[in-house]
Amino acid sequence: MITNNEADTIEISLPFKAEYVSVARLTASAIANRIGFNIDEIEDVKVAVSEVCNKMVKYKSKTEEAYKIIFKITPQKLAITYDCEDKSLKCIFDNEEDKLAISLINAFMDYVEFCPENNSLFTMSKNI
Amino acid sequence: MITNNEADTIEISLPFKAEYVSVARLTASAIANRIGFNIDEIEDVKVAVSEVCNKMVKYKSKTEEAYKIIFKITPQKLAITYDCEDKSLKCIFDNEEDKLAISLINAFMDYVEFCPENNSLFTMSKNI
Amino acid sequence: MSEELKILENRENGSVKISITGEVDIYSSQLLKERLYNIVETEKQDIKIDCEGMNYIDSTGLGVLVGALKKAKESGNLIYITNLKENIKKLFLITGLDKVFIIE
Amino acid sequence: MSEELKILENRENGSVKISITGEVDIYSSQLLKERLYNIVETEKQDIKIDCEGMNYIDSTGLGVLVGALKKAKESGNLIYITNLKENIKKLFLITGLDKVFIIE
Ligand SMILES: Nc1ncnc2c1ncn2[C@@H]1O[C@H](COP(=O)(O)OP(=O)(O)O)[C@@H](O)[C@H]1O
Ligand SMILES: Nc1ncnc2c1ncn2[C@@H]1O[C@H](COP(=O)(O)OP(=O)(O)O)[C@@H](O)[C@H]1O
């Protein structure tokens, strides 16, 4: 549906609060829908985005009010990166208590970086 | 549903492209839903947000890729502000060809500033 | 979810009914414009637009409907609009378009 | 739209059925936890959870179900889960929880 070859970027900035995870979820669904993912794929993106948001909300930042989700759309994939000015937040997933979340994210996304090298908090992508 | 007394802020940044107006619309609906607006009020916010996005997309910026929608939630109201780094965009509504859009926005929002004094591009709010 | 716009043409006893389903917004209204203008120009008769499946329309979509009506009137024809959902009927009332079209 | 979580309790011939509708996420799962733990602790019998109206559940919600099951097992009881939608059944399969609960 998106016809150009450049990347389009959509960013959403949300308070570290559980009540707004549903907003992230719906925004992610709307983007996934727009770029032509089918119903199952939209659902996959929705689940993965929510799971990462949950961790953001659980950890919170001591200095910042909000975190950011960056959706980068190319003809090949939807890349989703989480970021925050507070760079003390790192490797937000912890293998033990997050087993369910991790297995969902790994199952639904094609590429996942739990502790990104690039200074962001989390990054994942799904191929189109 | 939101119990604290401070303002919560959600921002979304979108390319000046018609295909992403639906993303703004769904994000706005999700926020309106979360703060407890009823179905009719959610629909009102959705329509008003879309109409302003339409104008952003029609005018575009010559220098910037994206515009921003800032949702500010207080116990009293949902305030929605459009902004862009490109400050040459101003008074995006034009009384003649925008009659339909203007009457919808005026009908659905409680307060509308077509040419805000505060250096933003557009601002409107709906009481809770 | 933003539902894809679908436009269906139905011919019965020589009359034309057009069903619009999904969302008509700034992105999809171009498609509606092409299809609807084309139908109005070739048919030269009254047209019924069924909006039962339409869940959203913005001012650009309403503008397309007004443009189609103008074209229809040039050849002395009318546009009837049927089955509007409540949230969309509200838009026709607010904009005064309920007096411009024949809403059934 | 994000649908509000509703939890309904139904008693029939001494058995308990709990219907969960709407979305179970990090925000709403606290409510589910309180209600469900309370029911499991007071009922001391097998419990059926009907998920026909559940359109979303995240890992915190799944965690609450697992926690409730642990409590039920302490008093020798089981939890049956019925009417899972396809998108949610998928989550149970991926996480292996289909082998932990009795899915009907
Ligand atoms: N906290 C984490 N940090 C980095 N990588 C992780 C983390 N959690 C999981 N992973 C990676 O995700 C992959 C799959 O995890 P998972 O689905 O839980 O399966 P498994 O438990 O068999 O490793 C593993 O290869 C692991 O390296
Ligand atoms: N481009 C604009 N700039 C500033 N204010 C506007 C603009 N367009 C409309 N308005 C304001 O919106 C209000 C209502 O507009 P509208 O609903 O079109 O009714 P009317 O045409 O009767 O003024 C008016 O008071 C007008 O001042």
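Throughout, a chain's letter reflects where its sequence line sits, starting with A, and its residues are numbered from 1.
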If you measure from CD1 on B:Ile12 to CD1 on A:Ile12, what distance do you get to the nearest 0.5 Å? 4.5 Å
For B:Ala66, what residues pass the side-chain contact (heavy atoms from CB on, under 4.5 Å) criterion, not counting sequence neighbours? B:Ser13
If you count the non-hydrogen atoms of other residues, nucleotides and ligands that lie under 6.0 Å from NZ in A:Lys77, is the total more than 12? no
Is it the case that more than 12 heavy atoms not belonging to B:Lys55 sit under 6.0 Å from its NZ atom? yes
Which atom pair, heavy atoms only, marks the closest approach of B:Ala30 to A:Ser22? CB-O, 4.5 Å
With rounding to the nearest 0.5 angstrom, report the CG to CD distance, B:Asp8 to A:Glu65. 8.0 Å
A:Pro15 and B:Thr9, any side-chain heavy atoms less than 4.5 Å apart: no
Exercise: identify the closest heavy-atom pair between A:Arg34 and B:Glu19: NE-O, 2.5 Å
CD/A:Glu85: more than 12 non-hydrogen atoms of other groups inside 6.0 Å: no
Considering only distance and modelled atom types, tabulate donor-acceptor pairs under 3.5 Å from the side chains of residues 121-128 of chain B, sequence neighbours left out.
{"residue": "B:Thr123", "atom": "OG1", "partner": "B:Thr81", "partner atom": "OG1", "Å": "3.4"}
{"residue": "B:Lys126", "atom": "NZ", "partner": "B:Asp44", "partner atom": "OD2", "Å": "3.2"}
{"residue": "B:Lys126", "atom": "NZ", "partner": "B:Phe108", "partner atom": "O", "Å": "2.7"}

Okay, B:Thr27 and chain A: the region with an atom under 4.5 Å from a heavy atom over there is both
